[in-house]
Amino acid sequence: MEGISLGPVVQLVRTLACHARGRGFESRPDRLPLSREAAAKRIDELVREIAEHDYRYYVLAQPIISDSEYDRLVRELKELEEAYPELRRPDSPTQRVGGTVTKEFPVVPHRRPMLSLDNAYDRRELEAFHTKLLRYLKAQLTDLAEPLLYIAQLKIDGVAVSLHYENGIFVRGLTRGDGEKGDDITANLRTVRSLPLHLQTPNPPPFIEVRGEIYMDRKDFLALNQQREEIGEAPFMNPRNATAGSLKLQDSAEVARRRLRLWAYYLEADEEGSLPASDYERMHLLKKWGFPVIETLPPSPLPEVWDFITHWEKEKEKLSFDIDGVVIKLDAWPLREKAGFTAKAPRWAIAYKYQPEQAITQLKGITYQVGRTGYITPVAELAPVRLSGTIVKRASLYNYDEIKRLDLHLGDWVVVEKSGEIIPKVIRALPERRDIFAKPVEPPTACPECGTLLVQAPGEVGRYCPNYRHCPPQVIGRLEHFVSRKAMNIQGLGEKILKKLYEAGLVETFSDLYRLTPDKLRSLEGFAEKLPEKLVAEIQASRQVPYERVLYALGIRHVGETAAQKIAEAFPHIEALLSAPEEELASVHGIGEVIARSVRTFLDDPENQAEIEALRAAGLQFEKKASKREGPLAGKRFLISGKFEGISREALKSYIIEHGGIYASSVSQNLDYLVVGADMGPSKKARAEALGVRMITLQELEALVGKPVEVWLSRD
Ligand code: IVH
């Protein structure tokens with residue numbers, strides 16, 4: 001089934017969009033550009049058009065407009081909604097970015113219980129399900145058409161949700177909860193890009209309920225875990241846990257960042273008569289209305305269902321998300337009604353569960369890794385064993401509680417498994433094969449790197465090395481974070497060099513970096529001749545990095561990029577932050593109690609205070625720069641190209657922004673100036689010439705500003 005084509009409509013609507021802009025809408029924001037009536041009409045068009053593009057992008061993966069064209073539509077809609085807030089529709093795509101904070105999710109009863117399914121683990125059990133169902137139906141129907149036809153669908157390993165649409169508009173979304181009632185997580189679900197906020201049909205049924213699974217792609221899960229580790233938060237065990245954790249977040253703006261996705265697999269209505277009797281056709285309808293529908297086998301007798309099962313067992317690793325089996329359901333709804341339910345599951349469906357690939361091997365020992373924040377992760381060292389085509393030597397054990405739960409003893413034979421997740425895990429020990437003298441694995445008491453006694457934070461499972469200041473992996477990890485791209489963006493300082501600097505006693509704190517000189521660096525073995533000057537210049541240029549990124553770079557636990565931005569907005573000067581009570585921090589939108597406490601603890605530490613002071617003295621930004629649109633470069637768009645001796649691109653970019661300029665992303669007609677350095681690419685030059693963009697030198701730029709770019713030459 002193809003997505004319905006709206007091509008011509010989109011074209012028409014886009015023409016209208018150009019007209020709206022042509023009326024000078026963007027250039028005169030002080031005046032209402034459209035009458036209320038015209039705005040209402042335009043909002044309707046935009047909501048529909050953007051939904052169509054979301055569908056093409058997130059469901060079909062076939063976008064037809066560029067990101068910037070898309071952004072322009074959203075911006076236009078946002079501006080109209082700001083001018084006429086009462087015209088904001090519940091299905092407006094502007095709601096996808098979240099923003100509502102829910103303290104407690106209301107509990108709402110399900111219209112019909114959300115039951116689980118019985119499981120089958122092999123062909124025999126699947127056949128037993130079929131025979132029993134056939135017998136049950138035959139006892140009631142004399143004219144049963146045979147063979148029974150089933151649809152089969154991939155069983156997504158995610159979190160089940162129930163979605164309500166009234167007159168075609170998404171109005172409510174619930175978790176499964178206890179099956180009878182679930183949490184109302186509507187605001188969080190609106191952020192799921194592939195979930196339609198309205199049905200793509202001019203005459204929707206008055207009410208429908210769609211059930212489906214919210215899930216996370218493996219690559220998004222891995223990226224999320226990496227981000228979490230960067231800010232000292234415990235990683236999620238698998239994509240399903242990450243999804244469940246995300247849906248329970250109180251801040252929907254944070255949910256929006258989690259890249260959750262939907263697969264729909266079930267449709268019912270208040271007026272059942274209005275829907276097709278075949279479930280397969282219902283899946284078509286869902287697709288037509290704009291839902292992403294999971295891979296489904298057309299109505300087939302049991303042997304073909306079996307082929308589908310075995311096919312996907314082989315192919316499942318190629319999917320971008322985890323599945324844990326196949327769901328087999330009777331296709332005909334009238335027959336489903338006859339079959340009915342047992343106390344816990346429908347009689348007309350069964351879940352065929354794949355056995356995750358397992359292997360048995362021996363636990364050689366446990367090592368403990370120390371992270372940047374001192375978090376200790378136990379790792380099982382295994383006798384090498386083959387599993388899903390790779391040799392496994394290590395498995396993550398997450399934390400010491402997991403070791404206790406598994407009751408691991410040194411030398412144990414253990415079952416390891418790889419079920420979709422990339423990292424293998426230890427499922428259980430085999431105590432019957434245990435040596436009688438085997439010793440249980442004891443929790444680590446001291447840090448394997450620095451010997452400091454470990455602590456367990458109240459309410460947390462993990463253990464930490466509290467030697468924040470001097471434990472080597474913590475010091476190096478912290479420095480690595482400080483110089484990373486999203487933080488101070490100092491290039492040329494990798495883990496190896498940082499380690500060298502640390503071991504040579506040159507760098508332990510962040511501020512030590514700013515005290516480095518080319519001569520000091522030259523004294524180190526293995527530093528190339530030219531490198532020291534360049535490195536010192538890079539470090540010095542990072543002093544222009546804005547305040548919010550400096551806050552992020554400090555590596556305060558739980559403070560990610562977004563939290564740092566929010567803190568910087570609420571406390572635009574470090575003085576204000578230093579004296580802010582915990583409650584005040586916690587009351588900032590998007591900053592919860594955990595972050596507030598962590599920030600306070602960090603700032604209350606006298607050594608951290610001294611370090612902040614040292615960084616300030618070194619010239620780092622501890623004040624939020626108001627967007628200086630009044631500066632000498634006010635409102636003008638710039639781009640730089642080529643090389644500038646002694647000045648990094650980052651420094652030049654900061655210089656432009658600091659004086660009111662806007663930094664553009666490419667050469668376009670909108671560009672006012674292209675700042676040209678040495679070795680500029682010929683194609684860029686040609687394009688700039690063709691578009692008549694003014695090209696200026698660094699000196700001309702400095703003349704515009706009336707002040708030279710500050711360059712920090714290394715001095716001893
Ligand atoms: S149909 C009443 N189809 O598996 C029948 N469920 O073990 C509703 N699941 O609670 C279920 N993929 O969360 C169905 N294609 C699929 C599914 C699926 C995943 C989940 C669902 C359900 C659980 C049952």
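What you are looking at is a predicted structure, and each value in this text was computed from that prediction instead of being measured. Order of appearance sets the numbers: ligands from 1, and atoms from 1 within every ligand. Values below: every heavy atom of this structure, side chains too, minus hydrogens, waters and symmetry copies.
Nearest to atom 10 (O) of ligand 1 by heavy atom, out of Leu117, Asp279, Leu115, is Leu115. Residue Tyr265 holds the heavy atom nearest to atom 11 (C) of ligand 1 of all those in Tyr266, Tyr215, Trp263, Tyr265.
The contact set between ligand 1 and Ile156, taken as ligand atoms under 4.0 Å from a residue heavy atom, comprises 12 (N), 19 (C).
Note on ring orientation: taking the six-membered ring where Trp is involved, the planes of Trp348 and Trp333 are tilted (angle from 30° to 60°).
Side-chain N/O atoms of Gln369 and Thr377 include no donor and acceptor closer than 3.5 Å. Side-chain contact annotation: Tyr265 with Glu213, donor-acceptor N/O pair under 3.5 Å present. Glu254 and Thr562 form no side-chain donor-acceptor contact under 3.5 Å, judged by distance and modelled atom types alone. Between the side chains of Lys288 and Gln200, no donor-acceptor pair is found at a separation under 3.5 Å. Side-chain polar atoms of Asn188 and Ser252 form no donor-acceptor pair below 3.5 angstrom.
Distances from ligand 1 to the non-hydrogen atoms of Ile323 include no value under 4.0 Å. Residue Phe341 places every heavy atom at 4.0 Å or more from ligand 1. Ligand 1 has at least one atom lying under 4.0 Å from a heavy atom of Lys329.
For atom 20 (C) of ligand 1, the closest non-hydrogen atom on the protein side is Glu213 OE1, 3.5 Å. The protein non-hydrogen atom at the shortest distance from atom 2 (C) of ligand 1 is Trp348 CH2, 3.8 Å.
Contacts between Val327 and ligand 1, counted as non-hydrogen atom pairs separated by less than 4.0 Å, involve the side chain only. Both the backbone and the side chain of Lys155 come within contact range of ligand 1, each with a heavy atom under 4.0 Å. At a heavy-atom cutoff of 4.0 Å, ligand 1 is contacted by the backbone of Leu154 but not by its side chain.
Considering backbone and side-chain N/O atoms, Asn119 never comes within less than 3.5 Å of an N/O atom of ligand 1. For a threshold of 3.5 Å applied to N or O pairs, the pair formed by Gln153 and ligand 1 contains at least one separation below that value.
A cation-pi geometry, defined here as NZ or CZ lying under 6.0 Å from the six-membered ring centre and within 45° of its normal, holds between Arg347 and Tyr136. By the 6.0 Å and 45° rule, Lys155 does not stack over the aromatic ring of Tyr352.
At a threshold of 4.0 Å, the pair Asp322-Arg218 counts as salt-bridged, since one of the basic side-chain nitrogens sits closer than that to a carboxylate oxygen.
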